[in-house]
Amino acid sequence: AEEVKFKAYCETELDTNEKTTYDKTELKKDLEAKIAQLESLIKKLQEEIAEAKKQIAETEVEIKKSSQSREAENAEFQAVVADQRATQAILVKALAKLKDFYEKNIGSKVALLQKGAQTPPVKFNEYKTNQGASPVIGLIEQIVGD
């Protein structure tokens, strides 16, 4: 009778052992599959990180090129503005000279001085100033205003 109990015990333990081994083997397979999946994910993410770093580097290079381009364009713009300011200053001086000439009637005095100094070989119409040179002065004032 004791051998029968021992045999039943052994069979029960053997059954339990086989079930446990089967369960553990299945768990091991599941975990190995999960490990393989995670390793694949890690590899994929590392590739994406490398690609993102590459794009960041390219973007930084483009930013530097754009910055240099903007600096060059700004330098050119500053030169154009300086030229425009110099031109404007010259036009203001020319306008002042023209206004002095026509508003103070210096033109008529010069014409009289020239008339008395020499007689022309051909009889020309009488010399007179251009009514204050208003078109020229107006044009210069408009250019300076712009």
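Numbers here are sequence positions counted from 1. All of these numbers come straight from a predicted model, not from anything done at the bench.
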Take atom CD of E13 as the centre, draw a 6.0 Å sphere, and report whether it contains more than 12 heavy atoms from other residues, nucleotides or ligands.
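Yes, CD of E13 has more than 12 neighbouring heavy atoms, counting only those of other groups under 6.0 Å.
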Is the CD atom of E3 crowded by more than 12 outside heavy atoms at less than 6.0 Å?
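Count not over threshold, so no.
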Inspect the contact between E11 and K7 and indicate whether a charged nitrogen and a carboxylate oxygen are less than 4.0 angstrom apart.
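Here K7 pairs with E11 in a salt bridge, since their nearest N and O are under 4.0 Å apart.
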Rounded to the nearest 0.5 Å, what separation is found between the [atom1] atom of [X] and the [atom2] atom of [Y]?
X   : Y   : atom1 : atom2 : result
L27 : L31 : CG    : CG    : 4.5 Å
L95 : I90 : CG    : CD1   : 13.5 Å
C10 : D15 : SG    : CG    : 12.0 Å
E26 : D23 : CD    : CG    : 8.0 Å
R85 : Q78 : CZ    : CD    : 7.5 Å
L41 : K44 : CG    : NZ    : 7.0 Å

Any side-chain heavy atom of [X] sitting closer than 4.5 Å to one from [Y]?
X   : Y   : answer
K93 : K97 : no
K54 : E51 : yes
S67 : R70 : yes

For the student: nearest non-hydrogen atoms of T21 and T25, plus distance
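Result for this residue pair: O-OG1, 2.6 Å.
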Within the distance-only criterion (no hydrogens, no angle test), does the side chain of T20 pair as donor or acceptor with the backbone N or O of T16 below 3.5 angstrom?
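Here the side-chain-to-backbone pair exists.
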